[in-house]
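None of the values given here were measured: they were computed from a predicted structure.
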Amino acid sequence: MICVPTIAEVRTHVAEARAGGAVVGFVPTMGALHDGHLSLVRIAAEQAGLVVVSIFVNPAQFDRTDDLRDYPRDLDADLSALEGLGLQVPVLVFTPEVAEMCPDGAATTVTVSALTETLCGRSRPGHFDGVATVVARLFGIVRPDLAVFGRKDRQQLAVVRRMVDDLALDVDIVEGPTVREPDGLALSSRNARLDASSRDRAQRLVAALAAAVDTARRQRVHGPVNPDDLRSSMHDVLDGLDVDYVDVVDPDTFARIDRPVPGDGRMLAAVAVHVGGVRLIDSVLVGAPDEEVTVLTHLGGVTTAPVQTDTESGGTS
Ligand code: AMP
């Protein structure tokens, strides 16, 4: 494993690998790596002859300075975690400084003007511009054949896919399923900032998603599924928490769903909550059996079956 901080070094290593015929896989991260990130690195390693992992806490995607300041950073632990994977393919870790990624005088912002009217796009203005701009720059630096993103951040995944399509970027976008703690809490770098009581309350995010899935499953036996009922079942579980949003949107357009959907239709149920000063998000694709089963095991905040991650195979675009 090699760790480099400059664009020039990345380009040199990637060019060498490519000259040797290697497919280049890429996993962009903000560090504080956990098993969710590592699962994406494994997916990349299955398909590539060189895996590039970027670790960059991107200031442009933070809408709060305290969140940026408090974001966990531990490069040594990150490098050990990557080493610990024991991958057979070489790993190139790119750890740029802010000046390397956000140079003075840069005048270009990538805005994906669809997909961002709801959920995090609505509650964090400018967030997805920051994401799309840095991902575009990273793609320009690494020029990967494929890049792996987690379903944990579904709106981000959709924004990146749309950017790649609209700009005809030659990158396959591969998805990885959400990796969860045994009690269902989705792994997140921000979880490290939860104290014990906040950690307990955070479990209610997945319980809320489970309630939405349970409601959908009951309704689809008889007919269409009412998104308002999904929203209210999530609100009930989150009662008393500082809710940022609870919504049910179209998984392709991210438009809010206001009308009942046929029983076999897909809807994205999504929540964002502030717990102990930490903002956490989670979502489930209602109508996707694997995802439904994964969150349903946490209905009522109780784990009712052996924990599993959703195993729907990652698609490419
Ligand atoms: P981040 O470091 O938070 O910017 O995340 C980097 C990548 O890891 C993104 O593609 C995320 O969607 C993905 N990711 C974060 N948490 C998880 C998780 N629990 N399971 C799977 N992927 C995740």
Arg218: partners by side chain to side chain contact (heavy atoms under 4.5 Å, CB included), with sequence neighbours left out: Asp214
Selection residues 55-64 - residue pairs positive for salt bridge (Lys or Arg N to Asp or Glu O under 4.0 Å), sequence neighbours left out: Asp63-Arg124, Arg64-Asp66
Residue pairs involving residues 20-43 (criterion salt bridge (Lys or Arg N to Asp or Glu O under 4.0 Å); sequence neighbours excluded): none
Pairs flagged by side-chain hydrogen bond (donor to acceptor under 3.5 Å, both in side chains) wherever residues 256-265 is involved - sequence neighbours left out: Asp247-Arg256, Arg256-Asp258
Distance-only side-chain donor-acceptor flag, Ser197 / Asp200, under 3.5 Å: no
Residues forming a side chain to side chain contact (heavy atoms under 4.5 Å, CB included) with Ala270, sequence neighbours excluded: Leu119, Tyr245, Ser283
NZ/NE/NH1/NH2 to OD/OE distance under 4.0 Å, Arg201 and Asp242: no
Criterion salt bridge (charged side-chain N to carboxylate O under 4.0 Å, His left out) on Arg190 and Asp67, from CA distance to verdict: CA-CA 9 Å; Arg190 289 188 172 87; Asp67 192 24; 2.8 Å; yes
Pair Asp244-Ser123, side-chain donor/acceptor within less than 3.5 Å: yes
Listing, residues 108-117 side-chain donor-acceptor contacts under 3.5 Å, not counting sequence neighbours, or none:
{"from": "Thr111", "atom 1": "OG1", "to": "Asp129", "atom 2": "OD1", "distance (Å)": "3.3"}
{"from": "Thr111", "atom 1": "OG1", "to": "Asp129", "atom 2": "OD2", "distance (Å)": "3.3"}

Atom CZ of Arg199: over 12 foreign heavy atoms under 6.0 Å: yes
Residue pairs involving residues 33-62 (criterion ring-ring contact (aromatic ring centres under 6.0 Å, His included); sequence neighbours excluded): His34-His37, Phe62-Tyr71
Side chain to side chain contact (heavy atoms under 4.5 Å, CB included) against Val261, all qualifying residues, sequence neighbours excluded: Ile257, Met267
Between side-chain atoms of residues 85-101 and protein atoms elsewhere (two or more places apart, or another chain), which donor-acceptor pairs fall under 3.5 Å?
{"from": "Glu100", "atom 1": "OE2", "to": "Ile7", "atom 2": "N", "distance (Å)": "2.7"}

Residue pairs fulfilling salt bridge (Lys or Arg N to Asp or Glu O under 4.0 Å) with at least one residue in residues 74-96, sequence neighbours excluded: none
Pairing residues for Asp228 by the side chain to side chain contact (heavy atoms under 4.5 Å, CB included) criterion, not counting sequence neighbours: Asn226, Arg231
Pairs flagged by side-chain hydrogen bond (donor to acceptor under 3.5 Å, both in side chains) wherever residues 2-27 is involved - sequence neighbours left out: Thr6-Glu9, Arg18-Asp145
Heavy-atom pair with the smallest gap, counting every atom of Ala269 and Val286: CB-CG2, 4.0 Å
